[in-house]
Amino acid sequence: MYISDQQLKTFLSDANLVSQKDFDAADQEAKERNQPVGDILIGRALIGEDELRRTYAYILGIPFISLATQKIPFDTLSLIPEPVARRNNIVAYNHKGEELEVAMLDTDDLAAIDFIKKKTRLKVLPRLTDAPSIKAALKQYQRGLKDNLGDVIKRETDVLAAEGAGAGDDERKMAEGVPAVRIVDTLLRHANAQGASDIHIEPLEETLLIRYRIDGLLHDAMELPKHAAPAITARVKVLANMRLDEKRLPQDGRFGVEAGGEKISFRVSILPTYYGEKIVMRLLRDNISGFSLEALGFHGKALEDMHEAMKKTTGLILTTGPTGAGKSTTLYTLLDLVNTPDVNISTVEDPIEYQMKRVNQTQVRPEIGFTFANGLRSLVRQDPDIIMVGEIRDKETASLAINAALTGHLVLSTLHTNSAAGAIPRLLDMGVEPFLLVSTLRVVIGQRLVRKLAGGKEKYELSRDEQKQLEHVVEAGIVLKSLKEEKIIPPDATWKNVPFWKPKTDGGGDGFAGRMGIYEVLPVSATTKELVMKNATADDIHDQARKEGMLTMLEDGIFKASQGVTTIEEVLRVITE
């Protein structure tokens, strides 16, 4: 639905909300910046965001609903999974018969409305709301889930205590008993609804501690009675097809479930500790398709360099970073982009994190001698066009990957280094010949993940001292130049008038939701190839890439902080970890 600037101007003027003079000045700035006039009005503090949204609702004739003090039945609220509600600022608040009323910040978000229609099979009636209403409704998810979870856990652990479940009981009987099934099922659903990437079940001296890793940080979820541990452990072992009688050695397994309309795989690791067996489950959402490089956080020159490398039919593309930096998601997104009917894609992985349609995925099995190197050697005989190797860990795998890239294949892989430039000396240390490396390497990506600010956030400007501190840790001029080139700030802007943001933590939560990548993308140019042939250091290669316009991860993080995606403190935390 469209509101013309003239309609908006007339209404605001008639309602004495914004004078015609102020509106005309904002309108002129909006045209110069190519931004909606509403955003300029809010930025100039001429009208509040929620007041403007109420105005839009009135002009469009869409009902406006306030949920700030309304208690929503949990059955209705949970018709939309919390991650979807949080990501799209949409909440189900009234369900009658075949109709579902949803409150939204943007009623033009047709994709979200269509998703909810398909998921619920109900007639969706969009209503406009404000940010405090969405925030209040999202808190109700936490309370509802916690109450629901607490009731189930307490009831079923009491049953276990009454039954006297313990180490001497038949473990398969415990694992298949109603209490264990309900407790584990509730834990899995709750962790998924919280957006957790890992579940830790840790035996302590007197209790069983449950922790979730959310947006890269571990949070205590709850403590259970110690007597629940044997039944929970047995249940997880049965799900993951592990040996119930093995308690002295580590075990690994995997299982899948459906939750909230999506398929989720759980990768399970069990390790014996002093107080019992510790369980860690990694949640892997199976559907990775639909991502784009822009959605992952690539932009500007880095995005152009990535698209240029992906146009090639041969060569090597590497992504680097520590564990948990999002390397696999980047690789799977690249595979999804090149996954067309006219190519044959094969992978060798450890583990297979996401299942992809029309991709031949192979799991390495080192215990039977099926390694990355052996798998890659077999893959090249399968007539592939594109090969993905989960990780280059040794000289043999590196050599085979380079040879595959030389012989007409596009090869994608990961490497554990701290920076993009560090990947080249690492490969040379593995014994790859410099002349082979420069013939095949197309682009190297360095990456980390930063937490994204949630909807409620506060804007501020850097003080003079803060500007100086920023210039100490980053080449501020380069970031400022990039912001201007991508038309995010006006051409005459300085750091003094570039806004930054901090989380708003009123009413619980830490003000963050979800994560995004920060990147450095190093294309292997002719000059870089000359440096490689001269056995140059990582610093030399890094400096040359900087001269050619590469933003470092830190600079990319500051770039995103100035857009309101994250905070300067979060970027510094991740880069200095």
Side-chain angles (χ1 to χ4, degrees), residues 152-153 156-157 159-160 163-192 196-204 207-213 218 221-222 224-259 263-286 323-324 328 348-355 361-372 375 390:
V152 172
I153 297 289
E156 301 306 336
T157 49
V159 171
L160 283 174
E163 291 176 352
D169 291 356
D170 176 60
E171 297 201 12
R172 185 160 293 278
K173 181 182 172 186
M174 269 198 300
E176 293 172 355
V178 171
V181 170
R182 283 186 178 163
I183 290 172
V184 172
D185 181 58
T186 307
L187 274 176
L188 299 183
R189 285 191 293 108
H190 186 245
N192 181 49
S197 61
D198 300 86
I199 305 169
H200 290 237
I201 303 174
E202 306 176 26
L204 306 179
T207 59
L208 189 67
L209 176 64
I210 311 295
R211 298 200 286 173
Y212 299 153
R213 187 176 295 281
L218 273 173
M222 69 200 78
L224 303 182
K226 187 67 180 279
H227 63 73
I232 291 173
T233 304
R235 178 62 188 162
V236 172
K237 283 183 175 181
V238 165
L239 287 171
N241 200 24
M242 295 178 179
R243 286 182 55 187
L244 285 169
D245 60 345
E246 181 55 80
K247 294 178 172 55
R248 298 172 302 167
L249 293 173
Q251 294 190 73
D252 293 303
R254 185 174 182 140
F255 65 94
V257 299
E258 280 203 27
K263 290 182 180 178
I264 304 167
S265 292
F266 290 84
R267 197 171 81 214
V268 185
S269 170
I270 295 185
L271 183 73
T273 68
Y274 186 77
Y275 290 116
E277 292 176 283
K278 178 185 173 181
I279 303 169
V280 175
M281 290 184 273
R282 165 70 55 90
L283 282 72
L284 302 167
R285 278 81 182 178
D286 283 1
T323 301
S328 293
V348 55
E349 308 172 53
D350 183 23
I352 296 172
E353 295 195 16
Y354 304 100
Q355 278 80 49
Q361 297 175 265
T362 306
Q363 167 78 51
V364 303
R365 300 281 299 278
E367 68 275 13
I368 59 171
F370 185 46
T371 62
F372 276 120

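We use all heavy atoms of the structure for the numbers below, so side chains are in, but hydrogens, waters and symmetry mates are not. Note that the numbering runs from 1 along the sequence shown for the chain.
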Query raised in the report: Do you know the tightest heavy-atom contact between Lys237 and Glu277?
Result: NZ-OE2, 3.0 Å

Query raised in the report: Taking the side chain from Gln363 and the backbone from Ile352, do they hold a donor-acceptor pair closer than 3.5 Å?
Result: yes

Query raised in the report: Taking Ser269 for the side chain and Val280 for the main chain, is one N or O donor matched with an acceptor at less than 3.5 Å?
Result: no

Report summary line: When rounded to the nearest 0.5 Å, the distance separating NE2 of His200 from CD1 of Ile210 is 11.0 Å

Query raised in the report: Taking C-beta and beyond as the side chain, do Glu202 and Thr273 meet within less than 4.5 Å on heavy atoms?
Result: no

**Report entry** Heavy-atom check, side chain of Arg254 versus side chain of Leu284, under 4.5 Å
**Finding:** yes

Report task. Could you tell me which non-hydrogen atom of Leu244 sits nearest to which non-hydrogen atom of Lys247, and how far apart they are? Result -> O-NZ, 3.3 Å

Report task. State, to 0.1 Å, how close Gly375 and Val348 come at their nearest heavy-atom pair, and which atoms those are. Result -> CA-CG2, 4.2 Å

Query raised in the report: With a 4.5 Å limit on heavy-atom distance, are the side chains of Leu239 and Phe266 in contact?
Result: no

Report summary line: Nearest heavy-atom contact between Pro272 and Pro250 is CD-N, 3.8 Å

Query raised in the report: What is the ring orientation for His190 with Tyr212, classed by angle as parallel under 30°, tilted 30 to 60°, or perpendicular over 60°?
Result: tilted

Report summary line: Closest heavy-atom pair, Ala180 versus Ala231, reported as atoms and distance to 0.1 Å, is CB-O, 3.8 Å

**Report entry** N/O donor-acceptor pair under 3.5 Å between Gln361 side chain and Glu349 backbone
**Finding:** no

Query - Flag, side chain of Arg235 to backbone of Ile183, donor-acceptor distance under 3.5 Å - result: no

**Report entry** Distance (rounded to the nearest 0.5 Å) between Leu208 CG and Ile232 CD1
**Finding:** 5.0 Å

Query raised in the report: Taking atom CG of Asp350 and atom OG1 of Thr362, what is their separation to the nearest 0.5 Å?
Result: 12.0 Å

Query raised in the report: Do the side chain of Glu246 and the main chain of Arg248 share a donor and acceptor less than 3.5 angstrom apart?
Result: yes

Query raised in the report: Taking the side chain from Lys226 and the backbone from Leu204, do they hold a donor-acceptor pair closer than 3.5 Å?
Result: yes

Query raised in the report: Counting heavy atoms not belonging to Asn241, are there more than 12 under 6.0 Å from its CG?
Result: no

Report task. Would you indicate whether the side-chain heavy atoms of Leu249 and Arg243 approach each other to under 4.5 Å? Result -> no

Requested in this report: Quick one: pull up CE in Met242 and OG1 in Thr233 and give me the separation to the nearest 0.5 Å.
Outcome: 10.5 Å

Query raised in the report: Can you tell me how far CG of Leu209 sits from OH of Tyr275, rounded to the nearest 0.5 angstrom?
Result: 13.5 Å

Query raised in the report: With respect to Ile199, which candidate in Val268, Ile279, Leu283 satisfies the side chain to side chain contact (heavy atoms under 4.5 Å, CB included) definition?
Result: Leu283

